[in-house]
Protein chains: 2
Amino acid sequence: MSAEPLVPETRVLAVASHVVYGYVGNKMATLVMQSLGCDVSPLNTVHFSNHAGYRQLKGTRATADEITALYEGLCQSHLTDFDVMLSGYTPSAAAVEAVGAIGRDLQRKTEKKPGSFFWVLDPVMGDLGRLYVNDDVVPAYKKTIRHADLILPNQFEAEVLSGIKITSLSTLAEAITAIHATYNVPHVIITSVQLSKLPESPSVAAAPSPNNLTVIGSTTKSDGSPRLFRVDVPAIDCFFSGTGDMFAALTVARLREAVFAAGPELRTTKSWVSPDDVKPADLPLAQSTVKVLASMHSVLEKTMEARNAELLATAGQVDEQLGAEKQKQEHLRHTKAAEVRLVRNVQYLRNPVVEFKVQEWRTEDLPAQLR
Amino acid sequence: MSAEPLVPETRVLAVASHVVYGYVGNKMATLVMQSLGCDVSPLNTVHFSNHAGYRQLKGTRATADEITALYEGLCQSHLTDFDVMLSGYTPSAAAVEAVGAIGRDLQRKTEKKPGSFFWVLDPVMGDLGRLYVNDDVVPAYKKTIRHADLILPNQFEAEVLSGIKITSLSTLAEAITAIHATYNVPHVIITSVQLSKLPESPSVAAAPSPNNLTVIGSTTKSDGSPRLFRVDVPAIDCFFSGTGDMFAALTVARLREAVFAAGPELRTTKSWVSPDDVKPADLPLAQSTVKVLASMHSVLEKTMEARNAELLATAGQVDEQLGAEKQKQEHLRHTKAAEVRLVRNVQYLRNPVVEFKVQEWRTEDLPAQLR
């Protein structure tokens with residue numbers, strides 16, 4: 001039996017939502033990281049029957065005190081030997097602060113060993129121009145992300161955190177620069193940039209095609225300035241829940257792998273910030289992102305196939321319903337069909353089969369109308 | 001890339017405990033079944049920091065109402081297309097009844113398609129002569145297991161359910177016969193039989209060696225009589241938490257695989273009960289048990305190696321403590337070191353590398369003193 005292509009041994013504290021059915025939050029992230037060989041400790045912030053995409057769910061939310069108590073339980077039995085914390089959906093401002101306190105405590109426990117603990121924070125607040133958390137969660141995140149090593153906002157969350165409306169490629173770069181500067185976060189990836197919705201110029205090679213999805217990332221240099229890179233991937237024309245969680249979980253595993261591959265010096269450097277002479281496209285964060293997106297692309301392609309087959313097989317099931325009820329049943333059927341097919345496609349996580357390209361991204365290379 | 005050796009596609013509702021750190025309950029069962037290709041929906045009955053073997057933990061228990069609400073959440077969005085339910089640790093009598101109601105509802109939903117739904121119930125009540133649940137959980141289980149297709153009691157739980165004290169091989173057979181008859185459960189496996197603690201006879205070939213662990217199982221014939229088989233495996237001299245959950249989860253995947261391998265007739269038969277002419281050792285349950293134990297043996301051997309290495313590496317860490325505190329710290333250190341090493345050993349789940357033998361088990365073949 002050949003050895004599995006696993007990443008270096010990594011113990012992860014994963015703080016996010018749990019759903020009984022389907023793949024979002026910790027349900028997604030845990031399996032993704034386990035499949036790559038990580039030992040995952042999932043601390044669940046909510047216990048729901050299913051994800052919110054169904055527009056109805058049942059279950060309970062953990063209070064800030066319950067989250068804190070679980071962590072105290074780990075501390076009292078010396079079970080906090082984590083290499084990485086991945087924090088995602090957290091249901092209230094108080095809970096965000098409780099998770100922040102956990103992150104800082106883990107940092108304190110490891111402060112004498114730079115690089116031995118790394119915190120990836122997904123500031124889950126909203127999407128597509130809309131907050132889906134209470135307003136007071138925003139300032140709680142703004143306080144918390146100052147302590148994170150890598151944050152993974154989507155385009156809307158990047159706007160909320162930077163205060164900059166992203167309407168062009170240059171405002172996107174400004175937003176990342178502002179996030180680095182304001183929060184002192186060394187690594188940022190903006191997932192799901194819909195550049196196709198930004199003003200376009202058909203004549204420019206670097207202009208995104210409407211069928212592409214662009215991911216922009218950056219690791220600061222020692223002077224705090226960004227090192228920007230971009231990866232374009234073909235978009236798949238369907239909304240899948242949990243893709244942000246898949247991205248985050250794959251990034252935990254692949255970034256640590258890339259940092260280990262860069263040699264012992266980087267992984268004993270605080271926050272794994274590469275020396276200034278490392279070019280944007282050569283950053284571990286950039287190398288990791290390419291692999292992450294390759295895995296995601298294959299899994300989502302397989303999901304799309306399975307979704308279409310399921311929709312075909314279940315077509316007509318709700319024909320007898322009328323009006324609003326029929327619409328609701330159709331929505332449920334489509335949402336279920338679009339659950340990410342992870343379990344039987346983990347080989348694409350371990351061995352990405354497509355190759356995307358990462359490039360340094362310099363706004364000054366673009367014509368004025370695209371900046 | 002070669003295809004993964006996965007079992008037939010299987011959707012499992014897994015009702016058991018969740019721990020942040022370590023591998024017991026659903027934390028163990030989910031990963032085990034996912035590794036073999038099952039789509040698992042974990043409904044968590046408790047949310048604890050760690051397992052009880054540490055002798056201290058923090059967290060919360062789900063109430064019966066919360067368990068029921070999660071299931072209602074699944075029902076309202078049509079997310080109950082489960083092939084198997086695996087139910088394990090449930091924290092109260094009311095919660096056992098709530099889980100029982102879920103099992104019966106899933107049975108009702110599938111009653112027109114015999115064999116399309118199968119319920120594996122692990123009646124978690126205690127071990128080694130001691131109940132670790134409230135007394136009222138026992139009658140709740142006695143009511144519930146009448147509806148299950150396969151139950152997996154350990155030796156103590158088999159005594160509680162049968163009312164027969166297991167002091168010999170023949171009382172063991174009596175207990176299984178009584179469980180079949182009293183509860184009308186078609187499949188039973190008694191895990192962790194410590195036959196070495198039963199009266200021995202050194203001269204009999206079939207007598208267990210003290211270094212063996214014996215698993216006894218049975219599928220009824222059409223007249224309700226048992227078809228008994230046994231598998232002996234070398235014991236590993238260490239207590240690991242979660243092995244019962246690993247056994248149950250592997251059994252879900254391997255039993256369904258064996259039933260599918262037996263042809264389309266068996267899997268459309270209620271409770272997958274093989275025709276009377278199938279010999280005990282040829283039962284899907286027997287074939288599955290052999291594979292399950294082979295996987296477990298390898299994972300636990302790897303765990304033992306890792307445990308010993310960890311104990312060596314951390315030796316002396318608690319030397320400065322005194323008396324009771326030192327004892328406590330040593331217990332925590334040993335318990336953590338014995339966490340099952342699952343993530344990086346899943347290849348042994350997929351491709352068992354050792355082979356154990358299953359044999360028909362006939363008490364009448366044994367000399368009187370062993371019966």
Side-chain angles (χ1 to χ4, degrees), chain A residues 1-4 6 9 13-14 18-22 27 30-31 33-35 37-44 47-50 54-60 62 66 69-81 317 329 332-333 335-336 339 341-344 346-348 350-351 353, chain B residues 1-4 6 9 13-14 18-22 27 30-31 33-35 37-44 47-50 54-60 62 66 69-81 317 329 332-333 335-336 339 341-344 346-348 350-351 353:
Chain A
M1 196 178 344
S2 68
E4 302 269 350
L6 303 179
E9 290 203 24
L13 177 62
H18 174 77
V19 291
V20 177
Y21 197 98
K27 179 82 171 295
T30 301
L31 177 54
M33 293 188 285
Q34 286 174 334
S35 299
C38 302
D39 194 357
V40 183
S41 294
L43 195 164
N44 298 326
H47 317 290
F48 286 164
S49 54
N50 50 268
Y54 290 90
R55 296 183 197 153
Q56 58 182 5
L57 56 81
K58 299 202 178 203
T60 53
E66 284 167 355
L70 284 172
Y71 181 68
E72 287 170 356
L74 300 180
C75 289
Q76 74 178 355
S77 292
H78 314 305
L79 304 176
T80 58
D81 51 348
Q317 271 185 6
Q329 297 302 328
L332 293 174
R333 190 170 73 89
T335 306
K336 176 173 181 293
E339 287 283 4
R341 304 305 197 277
L342 194 57
V343 168
R344 297 179 87 93
V346 290
Q347 71 267 33
Y348 299 109
R350 296 207 192 94
N351 298 295
V353 292
Chain B
M1 197 176 347
S2 68
E4 302 269 351
L6 303 177
E9 290 202 25
L13 177 62
H18 175 75
V19 291
V20 177
Y21 197 100
K27 179 81 170 297
T30 301
L31 178 54
M33 292 188 285
Q34 287 173 334
S35 299
C38 302
D39 194 359
V40 184
S41 294
L43 197 164
N44 297 327
H47 318 291
F48 286 164
S49 54
N50 51 267
Y54 289 91
R55 295 183 198 152
Q56 57 182 6
L57 58 80
K58 299 204 176 202
T60 54
E66 286 168 353
L70 283 172
Y71 181 69
E72 286 170 356
L74 299 180
C75 290
Q76 72 177 357
S77 293
H78 314 305
L79 304 175
T80 57
D81 51 347
Q317 272 185 5
Q329 297 302 327
L332 293 174
R333 191 171 73 91
T335 307
K336 176 174 181 293
E339 287 283 4
R341 303 304 195 280
L342 192 58
V343 169
R344 297 180 86 95
V346 290
Q347 71 266 33
Y348 299 110
R350 295 205 192 96
N351 297 295
V353 291

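Labels below follow one simple rule: chain letters A, B, ... track the order of the sequence lines, proteins then strands, and each chain is numbered from 1. The analysis underlying the following values was restricted to heavy atoms, covering all of them including side chains, and did not include hydrogens, waters or symmetry mates.
When A:R55, A:E9, A:M33, A:Q329 are compared by the number of non-hydrogen pairs under 4.5 Å with chain B, A:E9 comes out ahead. No other option in B:D39, B:N50, B:L43, B:N44 has as many heavy-atom pairs under 4.5 Å with chain A as B:D39.
Looking at every heavy atom in both residues, B:G73 comes nearest to A:S49 through CA-OG, 3.6 Å. When every heavy atom of B:K58 is checked against every heavy atom of A:L70, the shortest pair comes out as O-CD2, 3.6 Å.
Residue contact with chain B, scored on non-hydrogen atoms closer than 4.5 Å, is absent for A:Y71. Residue A:E339: no heavy atom, backbone or side chain, is found under 4.5 Å from chain B. Using a 4.5 Å cut-off between heavy atoms, A:S77 touches chain B through backbone and side chain atoms alike. Only the backbone of A:L57 comes within contact range of chain B, with heavy atoms under 4.5 Å apart.
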Exercise for review: List the steps and the verdict of side chain to side chain contact (heavy atoms under 4.5 Å, CB included) for A:K336 and B:H78.
Suggested key: CA-CA 9 Å; A:K336 176 173 181 293; B:H78 314 305; 5.6 Å; no
Point to revise | Intermediate values then yes/no, side chain to side chain contact (heavy atoms under 4.5 Å, CB included), B:V20 and A:L13 | key: CA-CA 8 Å; B:V20 177; A:L13 177 62; 4.0 Å; yes
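A distance-only check finds no donor-acceptor pair linking the side chain of A:Q34 to the backbone of B:L31 [under 3.5 Å]. Distance alone, capped at 3.5 Å, is enough to place a donor-acceptor pair between the A:H18 side chain and the B:P42 backbone. In terms of modelled atom types and a separation under 3.5 Å, the side chain of A:Q56 and the main chain of B:Q76 share a donor-acceptor contact.
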